[in-house]
Amino acid sequence: MGKFKIAVLVSGRGSNLDAIIKAVRDKKLPLVQIALVLSDNPAAKAIETARKNGIKALYISPGKFKTKLEGEAESSYIEALRKSKADLIVLAGFMRIIKPPLIQSFPNRIINIHPSLLPKYPGLHTHQRALEAHDLEAGCTVHFVNEITDGGKRIMQAKVPILETDNEETLARKVLEKEHIILSKVIQIFSEGKINYASFPDEPIVV
Ligand code: GRF
């Protein structure tokens with residue numbers, strides 16, 4: 001049987017990509033092949049990491065907008081993703097809003113990792129917002145990507161307690177550790193063919 005191919009979209013550091021690469025290497029994702037890493041930032045460390053690990057990595061210019069992909073750029077992204085034959089597209093620290101043409105080209109096959117317990121704190125500065133609200137816990141969510149930013153059906157969440165001594169940096173670190181765990185877990189379940197959008201419950205799996 002052929003491998004379950006994933007394409008990973010990144011913008012920067014790429015620690016989530018690192019975790020996926022490690023999980024593949026350690027045979028925790030035995031069915032998975034990373035077919036492509038795609039970046040909107042030519043300086044992303046993730047590109048270097050991918051290439052060092054023998055994974056095809058491309059920078060595609062995102063066009064003139066800061067927060068989304070401009071029409072022509074979006075078409076190039078769609079084309080590259082189609083070419084990669086990815087069964088699943090993973091947004092792992094991809095800092096742009098994905099719009100309908102791309103979403104509809106891969107229906108229910110795009111997931112994102114977000115550093116909050118969605119539906120709380122979609123968007124940016126999630127840790128700061130959780131601290132300011134004096135929340136007792138924070139966490140991360142892997143969810144399907146739809147037209148609403150960070151609003152698609154949630155698949156898996158992990159929680160961490162917020163301690164009195166926590167600041168943005170310590171909280172981000174704790175949450176990131178969990179991100180690395182749940183993103184690979186979700187990819188694993190997808191690769192086993194066990195996640196179907198339509199039949200997936202409204203409540204996420206909490207680990
Ligand atoms: C992660 O916290 C992710 O949830 C957010 O951006 C960060 C990316 O980190 N969307 P990395 O590039 O995977 O290290």
Side-chain angles (χ1 to χ4, degrees), residues 6-25 28-29 32 34 36-53 55 57-60 62 66-69 77 88-99 102-103 110-131 135 137-146 148-160 162 166-187 204-207:
I6 65 168
V8 186
L9 267 65
V10 295
S11 293
R13 178 180 55 183
S15 71
N16 276 289
L17 174 68
D18 282 341
I20 300 168
I21 292 174
K22 188 168 183 301
V24 171
R25 197 190 310 127
K28 288 188 180 140
L29 294 175
V32 173
I34 307 173
L36 178 66
V37 169
L38 210 50
S39 173
D40 62 343
N41 168 12
K45 185 164 169 269
I47 297 185
E48 199 188 309
T49 308
R51 291 186 180 151
K52 266 192 198 147
N53 283 278
I55 298 163
L58 297 175
Y59 157 70
I60 300 184
K66 279 218 168 84
T67 55
K68 57 182 181 180
L69 293 170
Y77 274 76
L88 181 71
I89 296 163
V90 180
L91 309 186
F94 187 64
M95 302 310 281
R96 271 167 209 276
I97 292 165
I98 302 282
K99 295 206 289 25
L102 205 157
I103 295 170
I110 310 178
I111 60 170
N112 179 44
I113 174 82
H114 181 76
S116 81
L117 294 172
L118 292 171
K120 265 193 165 179
Y121 315 131
L124 299 173
H125 310 299
T126 53
H127 305 308
Q128 183 192 330
R129 286 150 77 196
L131 288 166
D135 289 352
E137 56 183 14
C140 49
T141 307
V142 177
H143 64 92
F144 285 100
V145 172
N146 67 8
I148 304 160
T149 304
D150 302 322
K153 205 185 248 190
R154 296 163 302 157
I155 302 168
M156 192 177 283
Q157 285 187 326
K159 298 180 179 177
V160 300
I162 300 182
D166 270 327
N167 56 37
E168 249 185 90
E169 201 187 311
T170 58
L171 187 55
R173 201 177 312 135
K174 285 196 288 193
V175 172
L176 192 64
E177 256 178 52
K178 298 285 187 188
E179 290 184 32
H180 297 164
I181 295 169
I182 66 169
L183 188 53
S184 285
K185 267 196 204 282
V186 171
I187 294 170
I205 303 164
V206 180
V207 295

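Sequence positions, counted from 1, serve as the residue numbers for this chain. Indexing begins at 1, ligand by ligand and atom by atom, following the structure's order.
- Classified by interplanar angle (parallel below 30°, tilted 30° to 60°, perpendicular above 60°), the ring pair Phe94/Tyr77 is tilted.
- Minimum interatomic distance between Asp40 and Ser11 (heavy atoms only, all atoms of both residues): OD1-OG, 2.9 Å.
- Shortest contact from atom 11 (P) of ligand 1 to any protein heavy atom: Ser15 N, 3.4 Å.
- In terms of N/O distances under 3.5 Å, ligand 1 is approached by Gly14.
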Got a list of side-chain donor-acceptor pairs under 3.5 Å for residues 14-21, not counting sequence neighbours?
unit_1	atom_1	unit_2	atom_2	d
Ser15	OG	His180	NE2	2.9
Asn16	ND2	Glu179	OE1	3.1

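- The structure places CE of Met156 at 11.0 Å from CD1 of Ile187, a figure rounded to the nearest 0.5 Å.
- A salt bridge links Arg173 to Glu169: at least one charged side-chain nitrogen sits closer than 4.0 Å to a carboxylate oxygen.
- The atoms of ligand 1 that sit less than 4.0 Å from any heavy atom of Gly93 are 6 (O), 8 (C), 10 (N).
- Listed by number with element, the atoms of ligand 1 under 4.0 angstrom from any heavy atom of Pro115 are 4 (O).
- Nearest protein heavy-atom neighbour of atom 10 (N) of ligand 1: Ile113 O, 3.7 Å.
- Looking only at distances, no side-chain donor or acceptor of Thr170 sits under 3.5 Å from a matching main-chain atom of Asp166.
- Residue, atom and distance of the protein heavy atom nearest to atom 2 (O) of ligand 1 are Glu179 OE2, 3.0 Å.
- For atom 7 (C) of ligand 1, the nearest protein heavy atom (residue, atom name, distance) is Arg13 NH2, 4.1 Å.
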